Participant: 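First the structure, then my questions, so here it is.
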Amino acid sequence: MKRIITLQDVSCVGRCSVTVALPIISACGVETAVLPTALLSTHTGFPKFTFMDLTDQITPISDTFKELGMEFDGIYTGYLGSLLQVEIVGKFISDFKRENNFVLVDPAMADNGKLYKGFDMNFAKKMSELCGKADLIIPNLTEASFMLGLEYRENYDEDYIKDLLRRLSELGAPKVALTGISFEPSTIGVYYYDSTSDDFFYYTTPRIPKLYHGTGDLFASVSMGCITRGMEIKDALSVACEITYLSMKYTMQDPHARFYGVNFEYAITDLVKAVNEKKTKKQ
Ligand code: PXL
């Protein structure tokens, strides 16, 4: 069985980060190891939360992994809490990156034109450096704009998105998937660019006109699970769109859901089905 490790926070309540990555990647049939980078009572979207930084644990844990000769088929990073933490996580990637394993960096730090609480443009710059160590990055439009030092735009056309994708790949990751891209009101999806073949791909689902916390974490986790399981990246991103759409649809029935993340639990059977239908290698 393939084994990946994910480095991100544990937020006790409010599905995001590890509490999404673990069930979703496990459902794809991939062992999911975790290296928790912080412990929070909830994610930072709640009016009040605790935050215990675990940065000082990362190096002793990774040194121990090294002594044990531990290897990972994939490394997946998400929300990271400080500049120093991004730096240390970058070192972890350098230590455990191999020619045939896969590194996904989700620069989870902003959405809807705004940085999450506690982040500034220095952090966005640092995150853009971490993106340079990845095989694939999955920013949303806000994160992409901030990492490139551009103004966030709500109105754009296909040429603008393609230009953004090319510039993002110049950060150093050969493959880039930009989420939340919409050219007309009724659909939304992912725009993907593979700089190694100069190939673009766009996939959409119907748009659900709601903002829910944790959809980016769900999208990245489905992508990581499916890719590790042997799916082509374009197929994995398409499945991630469908599962995010379905989970949002289920969440709409719950009027208090916004900050508690999306009800992805109801979409797990659909995810397992998609993995079994679309995986290309027997793993
Ligand atoms: O969903 C991204 C995320 C993850 N972890 C924490 C967060 C957020 C977004 O606000 O606060 C702690």
Side-chain angles (χ1 to χ4, degrees), residues 5-25 32 34-55 57-58 75-86 88-89 104-121 123-124 126-128 130-131 134 137-147 152 177-180 188 190 208 210-225 240-241 243-245 247-248 251 256-265 267:
I5 185 157
T6 186
L7 295 90
Q8 41 188 335
D9 64 281
V10 176
S11 289
C12 301
V13 174
R15 307 173 190 95
C16 68
S17 306
V18 161
T19 57
V20 176
L22 256 176
I24 289 291
I25 301 173
T32 311
V34 298
L35 205 172
T37 52
L39 175 65
L40 293 86
S41 49
T42 61
H43 60 65
T44 61
F46 280 80
K48 188 178 176 192
F49 54 88
T50 66
F51 185 105
M52 181 189 228
D53 190 350
L54 298 174
T55 305
Q57 291 299 304
I58 302 175
I75 302 166
Y76 160 36
T77 75
Y79 178 98
L80 299 172
S82 68
L83 289 172
L84 176 64
Q85 190 166 93
V86 177
I88 293 176
V89 166
L104 190 158
V105 171
D106 174 5
M109 61 181 167
D111 208 357
N112 304 303
K114 280 197 261 166
L115 286 158
Y116 296 146
K117 272 174 213 152
F119 294 145
D120 58 16
M121 288 311 273
F123 186 85
K126 195 83 190 159
M127 193 54 109
S128 73
L130 188 71
C131 284
I137 58 172
I138 310 192
N140 59 37
L141 198 52
T142 308
E143 290 154 351
S145 309
F146 291 170
M147 288 198 295
Y152 169 69
L178 201 47
T179 58
I188 189 159
V190 62
I208 291 182
K210 292 261 182 192
L211 294 176
Y212 292 121
H213 207 277
T215 48
D217 298 2
L218 175 61
F219 190 97
S221 295
V222 173
S223 305
M224 187 66 189
C241 280
I243 297 299
T244 306
Y245 163 68
S247 303
M248 289 177 79
T251 313
H256 306 294
R258 176 165 181 198
F259 291 107
Y260 286 85
V262 278
N263 297 3
F264 64 79
E265 293 85 350

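As the structure lists them, so they are numbered: ligands from 1, and atoms in each ligand from 1. Just so it is clear, the model here is predicted, and its values are computed rather than measured. One is the number of the first residue; the rest follow in order along the sequence.
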Participant: For the pair Asn140 (side chain) and Ala110 (backbone), establish whether a donor and an acceptor sit closer than 3.5 Å, ignoring hydrogens and angles.
Facilitator: yes
Participant: Answer yes if the ring centres of Tyr116 and Phe123 are under 6.0 angstrom apart, and no otherwise.
Facilitator: no
Participant: Identify all pairs of nitrogen or oxygen atoms, one from ligand 1 and one from the protein, separated by less than 3.5 Å, and list them with distances.
Facilitator:
residue	atom	partner	partner atom	Å
ligand 1	1 (O)	Asp217	OD1	3.4
ligand 1	1 (O)	Asp217	OD2	2.9
ligand 1	5 (N)	Asp9	OD1	2.9
ligand 1	5 (N)	Asp9	OD2	3.4
ligand 1	5 (N)	Ser17	OG	3.1
ligand 1	10 (O)	Thr44	OG1	3.4
ligand 1	10 (O)	His213	NE2	3.2
ligand 1	11 (O)	Thr44	N	2.8
ligand 1	11 (O)	Thr44	OG1	2.7

Participant: Mind checking whether His43 and Phe46 have parallel, tilted or perpendicular rings, split at 30° and 60°?
Facilitator: tilted
Participant: Between the main-chain N or O of Ser41 and the side-chain N or O of Thr50, is there a donor-acceptor pair closer than 3.5 Å?
Facilitator: yes
Participant: Can you tell me how far the CG atom of Asp9 sits from the OG1 atom of Thr6, to the nearest 0.5 Å?
Facilitator: 9.5 Å
Participant: Scan side-chain atoms only and decide if Ser221 and Tyr76 contain a donor-acceptor pair under the 3.5 Å cut-off.
Facilitator: yes
